[in-house]
Every structure is written in C-alpha cells, then in structure tokens.
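The structure's right below; bear with me while I get my questions together.
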Amino acid sequence: MTRTQESTAHWGTFQVEISDDGRAVVETRPYPDDPDAAPAISAVAEGLRHRSRVTRPAVRRRWLERGPGPDPLRGSPDDPYVEVDWDEALDLLADELRRVRAAHGNRAIFGGSYGWGSAGRFHHAQSQLHRFLNSIGGYTRSINDYSRGASLVLLPHLIGPIGMRELRNRPPSWGHIAEHTDLLIAFGGLRRSNTWVVPGGHDRHVGTRLARDAAASTRIVSVSAQRDDTLTELDAEWVGIRPGTDTAVLLALTHTLVAEGLADDAFLATHTVGADRVRAYLRGETDGVDKTPEWAEALSGVPAGTIRDLARRAASGRTLVNVTYSLQRAEHGEQAVFAAVTFAGFLGQIGLPGGGFTHGYGSMGDYGVGVAPVPLPTFPQGRNPVTDFIPCARITDLLLRGGETIPYDGGTLDLPDIRLVYWAGGNPFHHHQDLRRLSEALTGVDTLVVNEFHWTPTARHADIVLPAATGLERDDLAAGAGDTRLRTMPRAVEPVGDAREEFWIYDQLARRLDADYAEGRDSREWLEKIYEDWRERPDTPDAPPFADFWRDGGTPLPQHHYRDGAFTDFRADPVAHSLDTPSGRIELFSATLDGFGLDDTAGHAVWIDTAEPPGSPYDLELLCTQPSHRLHSQLDMAAPSRSTKVAGREPVRLHPSDAAARGLTDGDVALVRSAQGSLLAGVVTTDAQLPGVAQMHTGAWYDPSAPRIADCINGNVNVLTKDIGTSHLTQASSGARVAVSITRYDGEVPPIRAYEPPPLATR
C-alpha cells in the first residue's frame, strides 16, 4: 500500500506517491486532469535521493586548512571537500561572517539568491536568505531579473510604473483575444514549454488550451528564426528572421505605416509624445538611412513585400503586437521592445479590446490566463541597511571590479569590494554568461557559501556547502501569480541525510551572531502566521482558518476579478487617467533617455547593428533558449532531462544544409566555439531552423573536467555567451544569442562528471 498527497514546484502542482512506511517517495506524477502537464514533474522523485544529493555539511579542504581568501583552485573538478557536523559548519560560517563584517562592513557581503529553489511561499530561498542577512546588518543586493532585465529599466521611461503594472497584470486574456483580435504578431514566437513555468507554480496548466482556442478566430504570425518556436496547434504563419534583427523589421513596419498613410495620427497626437522625432528617424533625416522594408530585408532576410503586407494587415484590423522576453536578452535587446511599443503606438490600437502591445505571451505560464493576481502570503524580509546594489546580470563585474563604478539608468553604481558571497536557491552557472569569467571572479572572494540540494556547479565552487531540505521534505504553501488556488505543500518524507530546512540553518547562525531571526517561532508557527496575516488583510478573499486550510489541502483564489486589457482607462481619457511618465503619455521619444547622453541609447527606438564583422570565424548565430524538460538547470541529471540528450550531452540543432557543409549528421558530437569559450554537444538536424542559425537549450550542468577538449563537455551554452550588459542604460543579460563556429569532434569523448559529487572525506 502507498499513500498519495499533493505538492508543487514552479512547473506545477503534482501528486506524490509515498511508500507505506512513509520513508520513500515512489513516484511524482501530474494530476490526470492537468491538460498540459510539464514533463519535469516526474524528475522530482529521482532527484530526492540522486547520488549528487548533498547529504552532510561540507567544507572545501583548502579553505578549511588555509583559511579564507582568494584561491585560484576554487571550482577545480578535483578539489576535495571534508564533511563535518552541523555545529562545526555553523561555527565556521558564523566566525567568517563576524570577521567580514568587522573588517570590511556588511556591504562586503553579497546576498546572491535568485529565488528559484522552491515554489513555497515560506521556504522561499531568496526571502529566507535576505531576512537572515538583514538581521545581521544587511548586504549588497541585486535587482531586476535575467528574464526581463532590460525591459524593467526601459519601459518605465516609456509607459511609467502604472503602465508597467497594467502590462504585467492586465494583458488581454486568451479569451479576450479570441473575441476581439484579428491578428496577433508574436515576435520571438509562442513557445509551449515556457507556459509550463510560473514562479510558485499553477494548480493546472491551461495556457496551451486557451491559446489553441484563440487561434480558431485569431490569425497568429510568428516572427522567429525557428518555425517550431510556436505551438503547432496554433497553425501560425511563420516569418523567418535572422536573430537580432527584430528591431529593424519593427522599424520598417512602422515606416510602412507612415509612408502609406496608415498611421493613427489622432492617437499619436493625444496619447503619445515624440511621433515627429520618430518619423524623422524613420525617413533617415537624422542618420541618412531610410528605414524602408528593403533596408530591413537586407539585414533580416525578411522579404520587403512580407514586411509591407504585414504592416497593411496590422492596420486593417485589430492587431496585438507581442514581444517575448528573449528578444531583450541580447546586446541592445531593449531596442526591440522600444520598437514594438513604437509600432503599436503608430497603429493606434493601444487600449482597444484585443489590440496594442504586450510583453509576455510565450514567456511565462501566468501571462494572459485571465485570472487576476491577488496578494499572497509572504515571509517578511526586514529592512536592509546597506544601500549598495547591482543589476543581477552584473555579478562578475561586481566581483572583478570592486571599487569601480558602472553606468546604469542614467547614473552610476558603485561596486563594493565583496569578500563573502552567500548563495541560496539558484545556480549562477545557469543564469550567468561567460562561465570562465564567472569562475575566475569567484576565485577572488574570501569565501563562497552555498545552501544546496545537490552538488551543482555552484556548490562545486563553494567553500562551505550546507545541505538544504527540498520541497518534499518540509511543510509549505504555494500559489503563483494569476493562480486559482492557494495550496498546501505538506512534507512527504523526512529530509535525506543531514539536510535541514533553511529556516533552521539561518536561525542557528543568527543565534551565534546574537541576532534575532526567528522571533521565537519555529517554522510551523511561522507558516501559520504568514497565512493568518494574509487572511486578515482587507484585500484577501474569504479564506478559512489555518487548521481548516491545511486539512482541506488549500483554498480557492478568486477568478472573476480579472479586467481585460491594459491602458483602457488611459485610452478613454488620457488626461484623467494619465500615465506617470514626465508627459503623462506614452513616450515614443523620451527626453529623459535622450538627456542621459549615452552612446548606445537614444530618445527613440534605434537600430544598432551587432552582426559579426566580415571574415569572422564565428559564422553561425546560436540561439540559447529555455529548456523543455527541466526548469533552468534544475534536475538536469534526472530522466526527463536525460531523455533530451544526444550523445550523452546537450544537443545543438542545425539546419540540414549547415550540418552537411560541416560534415555533421544526427548523433555526432560537435565542438561549438565562440570568442568566450567552447563546449561539446550532440548534433540534431532540422529544417525548423533557418539556415545560418543553430539552437541550444540553457541549463546543462557545467562540466569543466576536460579543459584540453572544451571548456564544458556537457554542453552548457553559457561558456559561449558574452558577459556584457545589454546597454549602458539597462545593464541586463545578453545571453540569448551568440556567434559561434561548429565543427565535428572526432577525438576521445570524455565521460560526464557534472552529476558526480566531488571527492569527499570525513572527520
């Protein structure tokens, strides 16, 4: 006999089957009525007791024997660790925190959590770590995110914080699109696998079904370098485009509206500022380049006739222009978002039912599902007395350039001299770029501390590794934005080995440092408190007391408060409902941006060419996309992710003509190089790629164990990508694409060591 209960991950709610003695998880599986469950769900059970699990506190031997300080061997694949008991590990860490604070101040501590470790509202790695660091005097923090980093800086200048909230919380639902939208132009496609993922998870995955229903009445055009970048069920029209040229096509679409008298001049006059400056740029009056469809064709490969036809179709009916997050994750990627807002502004349909501009379909599973986000229970983090911060994608700059400054959003940021990095709930060796540079940066700190479930690449660089309990080993509650139910996450089994709740870890550390982290409550009492505090809020829906909530497995969240369509009030009355931009309108030309005087940002959308120079050995453009069978790098060692591997490592997709020109066939091992690094990958050929374009998923665990062959033999694309900010304005990630060369690899294929623990000794 077994018993079954519920749990949640960022890729959804699922069933957990537990052995009759309560000691083992037999299986994790989707609910039968989940219409589009994520494949990664089945990986959770395997990950619980995988050989890569961190089961005891461990300290890097060189740090233990030599003490804190820079170490060029930090991160070496053969670097040994010593397993210690909890008291010794916590005493060592408390002493090091005490030393760094006394000698360098709290700004020398970087709290590097990125928050994806658990879907729970209480055991949220980022909140737990930040609360602890705040309780001992604060830390240097990061802001923004890797997904939307450039947009989060740019868009407030164009539509203001009010517009940002509406764009995120009130995009047209798929049902609204089905009713009102004639044409949906999806720049970057509408990738199905991205809809499986929501921070906090969703009760059921409904986005695919809703999109399919909308496609019955709405024509969808996917502008992407990959034909299969959009769900096949949508029967989307594919416009193949060279990566990185979306801005040029969007400018040419807008040029067509102006040249053919299709622009909505009345809307531009009453709801926007800067249209005349944009027109002058489109006509080449400022730079001598007329942004015609022919000009865009030469850059993008999209025929001029296709561009003109698409502009005319957009102007002839109700059109929604969507840009995925991926387009702005590149050098000058914010310009694609700027140009899309401009095109939508000239169409004049912003604020109309089913029309305008959106930024998120095909990027997240909670976008446009028609459920209003409601406030959710949170674990309070306290106040951070340290004011220093960086955009999250500038970690390596922070660690390598302490004491310098970087430009950001019209100003400058000081980079503190970081001595201790405390990481929890994320893996920078997935999110960050140019991993050789990141690894080098980590060798320069005094101490790197990691709370982890598994011996991830980040853990393999750490000096102190503390084993954290997983979502199946602790009580919690979960819901994602736009969810239908707040759900319980009861503990399924006891923690493996000596793993502990991070709440317990921080409480024990705080006691050693004479700080109050827990306020006299244990984790169960805190769980009840954050629920009851939420239940008593005036904007919380009716909810039962905690005991009833826990017994029933959750409580419904309201689904009827969703209000379709951003900017409807602003459109109806742009004076009474003005935006909080300097002009109160949509700023197609921003005097603020123009006044920053940056050489890579103007007051309006501009084309900046980032193509490789003629004669470059890197003759293919590699798209680096989110994986389908894991979330980021989570559980890469488990069966769902392994099922996608080719030749035992991450695959690279190529057009058959590109493969043939390089003597490659399906199943071969290829050596992929860029100016930043190299990797081994398994070859897959497909005509869904444009010629000249390759594609790999992010998230393979970094394996530098055979540097004579490649920087990563497991296929982590971030050894290839550039660690440069999108621009001096936004300083976001440029990891979505990179120029590469690909050749056949015929040498000895080394074994993958990424999923093995390091050499371990005991004391």
Side-chain angles (χ1 to χ4, degrees), residues 5-17 25 27-48 50 114-121 123-126 145-147 190-211 231 325 360-367 369 371 376 425-427 430-431 453-454 456 470-473 476-489 492 554 625-644 697-701:
Q5 65 183 51
E6 184 179 272
S7 193
T8 293
H10 295 295
W11 50 85
T13 299
F14 55 90
Q15 292 179 312
V16 184
E17 185 177 349
V25 172
E27 183 184 19
T28 48
R29 59 179 179 267
Y31 271 91
D33 63 342
D34 190 332
D36 192 25
I41 286 171
S42 65
V44 179
E46 183 180 352
L48 197 64
H50 192 269
Y114 195 54
W116 281 97
S118 169
R121 303 296 304 174
H123 291 292
H124 179 250
Q126 189 178 72
D145 58 46
Y146 281 92
S147 297
L190 295 169
R191 183 173 288 271
R192 176 190 181 195
S193 57
N194 290 347
T195 67
W196 290 328
V197 177
V198 175
H202 263 186
D203 184 40
R204 299 293 189 273
H205 296 86
V206 299
T208 298
R209 174 180 58 79
L210 295 172
L231 289 75
Y325 297 164
Y361 296 103
S363 298
M364 295 289 286
D366 59 0
Y367 204 79
V369 295
V371 178
L376 296 169
N427 177 13
H430 162 75
H431 281 104
F453 310 142
H454 300 97
T456 64
T470 70
L472 295 182
E473 298 166 329
D476 212 333
L477 48 83
D483 212 340
T484 60
R485 193 163 63 97
L486 180 66
R487 306 174 298 284
T488 63
M489 293 175 59
T625 61
Q626 291 295 332
S628 59
H629 283 58
R630 58 180 178 261
L631 169 60
H632 299 153
S633 63
Q634 291 184 38
L635 302 175
D636 180 43
M637 71 294 191
S641 183
R642 293 200 312 272
S643 72
T644 69
H697 286 145
T698 59
W701 282 14

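Numbers here are sequence positions counted from 1.
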Please say which of Asp203, Leu376, Asp366 ends up in a side chain to side chain contact (heavy atoms under 4.5 Å, CB included) with Asp483.
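The passing option is Asp203.
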
Flag the pair Thr698 / Thr625 as yes when at least one side-chain heavy-atom distance between them is below 4.5 Å, and no otherwise.
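Of all side-chain heavy-atom pairs linking Thr625 with Thr698, none is under 4.5 Å.
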
Side chain proximity check, Leu472 to Ser7, heavy atoms < 4.5 angstrom:
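Heavy-atom side-chain distance check passes, below 4.5 Å.
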
Could you work out, with side chain to side chain donor-acceptor pair (under 3.5 Å) as the rule, every residue matching His629, not counting sequence neighbours?
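Listed in chain order: nothing, the list is empty.
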
Any side-chain heavy-atom pair of Glu17 and Arg29 under 4.5 Å
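They are in contact (side-chain heavy atoms under 4.5 Å apart), so the answer is yes.
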
Can you list the steps and then say if Asp36 with Arg192 is a side-chain contact (heavy atoms from CB on, under 4.5 Å)?
CA-CA 10 Å; Asp36 192 25; Arg192 176 190 181 195; 2.4 Å; yes

Could you give me the CA-CA distance, side-chain angles and deciding distance for Asp33 and Arg204, then say whether side-chain contact (heavy atoms from CB on, under 4.5 Å) is met?
CA-CA 8 Å; Asp33 63 342; Arg204 299 293 189 273; 2.8 Å; yes

Donor-acceptor pair between Thr13 and Arg487 side chains, under 3.5 angstrom
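Yes, Arg487 and Thr13 have a side-chain donor paired with an acceptor closer than 3.5 Å.
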
Among all residues two or more places apart in sequence or in another chain, which pass the ring-ring contact (aromatic ring centres under 6.0 Å, His included) test with His50?
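Scan of His50 (ring-ring contact (aromatic ring centres under 6.0 Å, His included), adjacent residues dropped) gives none.
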
Hey, is the main chain of His123 close enough, under 3.5 Å, to the side chain of Asp476 for a donor-acceptor pair?
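The answer is yes, because a donor-acceptor pair under 3.5 Å joins these two groups.
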
Leu48 versus Glu473: any side-chain heavy-atom pair under 4.5 Å?
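A side-chain contact exists here, since the closest heavy-atom pair is under 4.5 Å.
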
Hey, is the main chain of Ser42 close enough, under 3.5 Å, to the side chain of Glu27 for a donor-acceptor pair?
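Side chain of Glu27 to backbone of Ser42, a donor-acceptor pair under 3.5 Å: no, none is there.
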
Name all residues meeting the ring-ring contact (aromatic ring centres under 6.0 Å, His included) criterion together with Trp11; count only those two or more places apart in sequence or in a different chain, and write none if there are none.
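Applying ring-ring contact (aromatic ring centres under 6.0 Å, His included) to Trp11 gives none.
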
Indicate the atoms forming the closest heavy-atom contact of Val369 with Gly482, along with that distance.
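Closest approach of Val369 to Gly482, heavy atoms only: CG2-O, 4.0 Å.
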
What are the two closest heavy atoms between Pro30 and Ala37, and how far apart are they?
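Taking every non-hydrogen atom into account, CB-CB, 3.3 Å.
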
Side-chain donor-acceptor pair present, Ser633, Asn427, cut-off under 3.5 Å:
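Note: Ser633 and Asn427 side chains meet the donor-acceptor criterion.
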
Hey, does His697 have a side-chain heavy atom less than 4.5 Å from the side chain of Thr644?
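The answer is no; the side chains never approach within 4.5 Å.
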
Heavy-atom closest contact (Gly480 atom, Val198 atom, distance):
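For Gly480 and Val198, the tightest heavy-atom pair comes out as CA-CG1, 4.1 Å.
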
For the pair His10 and His632, evaluate side-chain contact (heavy atoms from CB on, under 4.5 Å) and give the outcome as yes or no after the intermediate values.
CA-CA 11 Å; His10 295 295; His632 299 153; over 6 Å; no

Quick one: pull up CD in Gln15 and CD1 in Ile41 and give me the separation to the nearest 0.5 Å.
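If I round to the nearest 0.5 Å, the distance is 10.0 Å.
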
Any Ser118 side-chain heavy atom under 4.5 Å of His124 side chain:
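Ser118 vs His124: side chains apart.
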
Thr28 vs Val25, test: side-chain contact (heavy atoms from CB on, under 4.5 Å). Steps then yes/no.
CA-CA 8 Å; Thr28 48; Val25 172; 4.1 Å; yes

Can you find a heavy atom in the side chain of Trp196 that is under 4.5 Å from one in the side chain of His202?
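With C-beta onward as the side chain, the pair stays apart.
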
Would you say the side-chain atoms of Asp34 and His205 include a donor-acceptor pair closer than 3.5 Å?
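Note: Asp34 and His205 side chains meet the donor-acceptor criterion.
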
Do the side chains of Tyr325 and Met364 get nearer than 4.5 Å, heavy atoms only?
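Result yes, sub-4.5 Å side-chain heavy-atom pair found.
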
Would you list the pairs meeting salt bridge (charged side-chain N to carboxylate O under 4.0 Å, His left out) in which at least one residue belongs to residues 626-639, sequence neighbours left out?
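The answer is Arg630-Asp636, Arg630-Glu650, Asp636-Lys645.
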
Looking only at heavy atoms, which two atoms of Pro640 and Pro39 are closest? And how far apart?
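It is CG-O, 3.6 Å.
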
Euclidean distance, Glu6 CD relative to Tyr31 OH, rounded to 0.5 Å
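With rounding to 0.5 Å, OH (Tyr31) is 4.0 Å from CD (Glu6).
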
Among residues at least two apart in sequence or on other chains, which ones pass ring-ring contact (aromatic ring centres under 6.0 Å, His included) with Phe14?
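By the ring-ring contact (aromatic ring centres under 6.0 Å, His included) rule, Phe14 matches no residue at all.
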
Smallest separation among heavy atoms of Ala119 and Ala478, with atom names
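That would be O-CB, 3.8 Å.
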
What is the minimum heavy-atom distance between His454 and Met637, and which atoms define it?
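Closest heavy-atom pair between His454 and Met637: NE2-CE, 3.4 Å.
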
My understanding is that only residues two or more places apart in sequence, or in another chain, count here; which of them pass ring-ring contact (aromatic ring centres under 6.0 Å, His included) with Tyr367?
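For Tyr367, the residues satisfying ring-ring contact (aromatic ring centres under 6.0 Å, His included) (neighbours in sequence not counted) are Tyr361.
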
